[in-house]
S.K.: 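Attaching a single structure in structure tokens format; questions to follow.
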Amino acid sequence: MQATLVIKNIGTLVTLKGENAPRKGKLQGEIGEIENGVIAIRDDRIIHVGSGELPDVIDVTGAQIIDAGGKVVTPGLIDCHTHLVHGGSRENELAMKLDGKGYLEILASGGGIHSTARATEKASFQELYEKAYKSLDIMKSFGITTVEGKSGYGIGSFQTEIKQMEVAKKLNEDHPLRVISTFMGAHAIPMEYKDDSDKFVDIMLNEMLPKVVEMDLAKFCDVFCEEGVFSIDQSRRILLKAKELGLVPKIHADEIVSLGGAELSAEVGAISAEHLVGASEQGIKDMAKAGVVAVLLPGTSFNLGKKEPAKARLMIEEGVPVALSTDYNPGSCPTENLQFIMTLASLHLRMKPSEVITAVTMNAAAALGIEKEVGSIQVGKKADIAIFDIPNIDYMIYHFGINHNYITIKDGKIIYKK
Ligand code: IZC
Ligand code: ZN
């Protein structure tokens with residue numbers, strides 16, 4: 001069989017081989033390492049994964065050869081929770097934060113998400129596109145090959161929501177990275193519905209959700225279920241309606257206040273629940289039973305100055321598959337650096353480096369429902385691969401704050417080289 005790209009002389013090849021499903025419990029830390037690895041790719045697919053030399057059946061005539069020189073190779077990293085498309089920035093909140101003003105307090109006074117909503121409404125399609133394109137370029141340089149992006153800065157303006165999702169769609173077509181879109185119209189209560197938020201939920205159910213589905217703008221529907229934002233009841237109504245219309249539910253759950261969002265994620269059959277800093281033990285048990293992926297975002301806790309970490313160890317013990325993501329957004333986590341998040345996950349959430357690797361590959365893929373296509377280096381899967389200039393995976397976690405990526409490959413093509 002003819003190869004188009006070969007990666008040889010790989011010091012450690014992290015394959016994540018095995019079942020293409022979220023890894024939970026002990027399996028969270030099993031990453032299928034191969035020493036002296038070699039990979040052959042034909043067009044966008046992996047055709048051989050092994051050790052040493054390629055077998056004779058693989059014809060390398062004319063193929064591009066990468067000598068990895070003993071470096072570490074992993075599946076392309078997946079950032080499964082971002083607020084990618086938005087206008088403006090919120091560095092003005094830094095001083096308020098230092099003065100002790102909380103995230104929800106800033107939001108309630110019309111800042112926070114509302115301030116980004118105003119900037120996003122003002123920005124043209126082209127401005128939003130160029131800003132997000134730049135972020136995708138940064139992510140690409142960090143070894144990321146797939147990114148999820150949420151709408152949610154329309155608040156009252158459905159037109160702005162549509163603009164955000166159309167930008168995400170265009171980026172998926174134009175940018176080398178894969179961009180998967182989530183509708184998050186339920187991100188904050190518009191100021192004009194402050195005293196009648198159920199009315200806004202009605203509009204969401206009867207007007208916005210059907211339109212998003214009709215226009216084919218998103219795969220997922222997410223809700224910010226939080227005190228002073230959307231209640232458990234309101235989140236349930238939105239997610240069940242979204243599901244009925246064919247969108248897959250996701251939920252921002254128990255981020256700041258423990259409301260029972262983890263329990264709700266299991267009840268509505270969400271594919272993932274995100275944040276979960278305040279998730280109850282019962283909620284974690286419910287998630288394990290229902291097979292909900294936990295998407296943990298330690299960069300957000302870091303940036304909000306939260307001392308209490310999400311209970312990652314308990315989740316792994318209870319059999320909840322754990323994924324990790326940046327939560328890249330202009331308010332609570334303005335960074336595209338998933339490698340830094342991996343370090344935080346290890347140091348703050350006590351996750352082992354191998355568990356962390358699973359969390360940003362196979363389990364992140366599962367949080368996006370694409371684990372059969374990406375998330376591991378196995379024959380037949382998409383050739384989405386990162387080559388890191390490190391001697392072993394522990395080193396990536398240990399030497400933090402810099403970019404260890406050397407080459408990013410997406411769909412069998414080099415899209416970034418240091
Ligand atoms: O802009 O603050 N948590 N939504 C829920 C966010 C963070 C994004 C933001
Ligand atoms: Zn978020």
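Atoms within each ligand, like the ligands themselves, are counted from 1 in listed order.
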S.K.: Any side-chain heavy atom of Ile402 within less than 4.5 Å of one from His399?
M.R.: yes

S.K.: With a cut-off of 2.8 Å, does Glu274 put an N/O/S atom close enough to the Zn ion (ligand 2)?
M.R.: no

S.K.: Hey, which atoms in ligand 1 end up nearer than 4.0 Å to a heavy atom of Phe224?
M.R.: 5 (C)

S.K.: For the residue pair Lys71 and Tyr406, would you count it as a cation-pi contact if the rule is NZ or CZ under 6.0 angstrom from the ring centre and within 45 degrees of the ring axis?
M.R.: yes

S.K.: Between Thr358 and Ser354, is there a donor-acceptor pair closer than 3.5 Å when you use the side chain of the first and the backbone of the second?
M.R.: yes

S.K.: Show the atoms of ligand 1 that are less than 4.0 angstrom away from any heavy atom in Ile113.
M.R.: 1 (O), 2 (O), 4 (N), 9 (C)

S.K.: Could you check whether the rings of Tyr153 and His86 sit parallel, tilted or perpendicular, using 30° and 60° as the cut-offs?
M.R.: perpendicular

S.K.: Does Asp44 form a salt bridge (charged side-chain N to carboxylate O under 4.0 Å, His left out) with Lys382? I'd like the steps, not just the answer.
M.R.: CA-CA 6 Å; Asp44 63 336; Lys382 286 268 192 194; 3.0 Å; yes

S.K.: Tell me, please, if His83 has any N/O/S atom, main chain or side chain, under 2.8 Å from the Zn ion (ligand 2)?
M.R.: yes

S.K.: Heavy-atom contact under 4.0 Å between Glu226 and ligand 1?
M.R.: no

S.K.: Where is the nearest protein heavy atom to atom 1 (O) of ligand 1: which residue, which atom, and how far?
M.R.: Tyr153 OH, 2.6 Å

S.K.: I'd like to know if the Zn ion (ligand 2) has an N/O/S atom from His252 within less than 2.8 Å of it, counting both backbone and side-chain atoms.
M.R.: yes

S.K.: Please confirm whether Phe230 and His252 have ring centers closer than 6.0 angstrom.
M.R.: no

S.K.: Quick check: of its N, O or S atoms, which one does Asp327 have closest to the Zn ion (ligand 2)?
M.R.: OD1

S.K.: Nearest to atom 4 (N) of ligand 1, what protein heavy atom do you find, and at what distance?
M.R.: His187 NE2, 2.7 Å

S.K.: Looking only at heavy atoms of Ser332, does any of them come nearer than 4.0 Å to an atom of ligand 1?
M.R.: yes

S.K.: Give the residue and atom name of whichever protein heavy atom lies nearest to atom 6 (C) of ligand 1, and the separation in Å to one decimal.
M.R.: Tyr103 OH, 3.2 Å

S.K.: Within ligand 1, which atoms have a heavy atom of Arg90 less than 4.0 Å away?
M.R.: 1 (O), 2 (O), 9 (C)

S.K.: Scan Gln164, Glu161, Lys163 and name whichever one has a side-chain hydrogen bond (donor to acceptor under 3.5 Å, both in side chains) with Ser151.
M.R.: Glu161

S.K.: Is a donor from one side chain sitting under 3.5 angstrom from an acceptor on the other, for Ser135 and Glu336?
M.R.: yes

